[in-house]
Every structure is written in structure tokens, then in C-alpha cells.
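Structure, as C-alpha cells:
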Amino acid sequence: MFRPKLPTMPQPTGLVTPPTLIESTTVTPAPSTTSPASQAQTASRPAVQLTPGTALALVGGGTAVVLVVGAVLVSMLLAVALTATSVAVCAVVTRSLLTRR
């Protein structure tokens with residue numbers, strides 16, 4: 001009952017085919033047909049620019065996230081404190097009931 005039973009590996013039944021040999025092949029890249037000028041144009045990217053409106057939206061969103069996470073953490077701490085207080089009160093009442101006898 002207390003000893004675990006390990007499963008046994010089932011043996012294959014029927015016809016078993018041997019593994020096939022896979023030969024490696026080399027990959028040769030195709031010649032490029034694009035001109036170097038078009039590659040230079042696609043490589044340059046515009047920098048991200050923050051306008052005052054988007055900066056204000058980012059700050060407002062970050063503040064909202066911090067406030068929501070803070071409220072959740074405070075409510076969880078309050079729930080733990082209330083639970084601990086009620087358990088302590090139950091322990092005191094149980095101890096007083098048992099010591100009267």
C-alpha cells in the first residue's frame with residue numbers, strides 16, 4: 001500500500017521497421033535581385049516621438065495601474081488582518097471555555 005508501483009515499459013508488438021537514415025543537405029542562398037538603394041531605405045526607421053498628449057496618457061495610465069495594484073494589496077492585507085483577529089478571538093474563547101471545567 002505504501003510502496004509505489006512503477007509502470008513497466010510496454011514492449012513493441014508486431015512488425016517493427018528500422019529507423020531510416022536521414023542525409024544532411026547544404027542550403028545555398030538564391031542570388032539577391034534587390035538593389036542596394038532599396039535596402040538602405042528600408043533599414044532606416046523613424047524614431048518614436050512622444051507628444052505631450054501621449055506622455056500625459058502614459059503617466060495617467062501608469063498612475064492608474066499603481067493605484068489599482070495598491071488598492072488590491074491593501075484590501076488583501078486587511079483581509080489577512082481580519083482573519084487573524086477572528087482566529088485569535090476564537091482561540092481565546094475556546095481556551096476560556098476549556099479552563100472553566
Side-chain angles (χ1 to χ4, degrees):
M1 179 174 156
F2 294 109
R3 292 180 183 249
K5 293 185 178 183
L6 300 174
T8 58
M9 290 292 294
Q11 297 298 323
T13 58
L15 295 175
V16 178
T17 59
T20 58
L21 181 64
I22 299 174
E23 296 180 11
S24 63
T25 59
T26 59
V27 177
T28 57
S32 177
T33 58
T34 59
S35 66
S38 66
Q39 288 180 353
Q41 290 175 352
T42 58
S44 64
R45 293 179 135 185
V48 176
Q49 295 182 4
L50 291 177
T51 61
T54 56
L56 187 62
L58 286 174
V59 170
T63 304
V65 167
V66 168
L67 288 176
V68 167
V69 169
V72 168
L73 291 177
V74 168
S75 64
M76 288 172 61
L77 180 64
L78 182 62
V80 168
L82 287 175
T83 304
T85 305
S86 64
V87 168
V89 168
C90 289
V92 168
V93 169
T94 305
R95 189 177 76 180
S96 67
L97 287 175
L98 292 176
T99 55
R100 285 187 187 172
R101 294 183 181 177

Sequence neighbours excluded, the answer for side chain to side chain donor-acceptor pair (under 3.5 Å) partners of Ser86 is none

Close side-chain approach of Val80 and Met76, heavy atoms under 4.5 Å
no

Do Leu67 and Val59 land in one hydrophobic cluster if side-chain heavy atoms of ILVMFWY residues count as linked below 4.5 Å?
no

With a cutoff of under 4.5 Å between side-chain heavy atoms, which Ile, Leu, Val, Met, Phe, Trp and Tyr residues group with Leu78?
Leu82

Apart from Leu58 itself, what residues make up its hydrophobic cluster when side-chain heavy atoms of I, L, V, M, F, W and Y under 4.5 Å apart count as a link, directly or indirectly?
Leu50

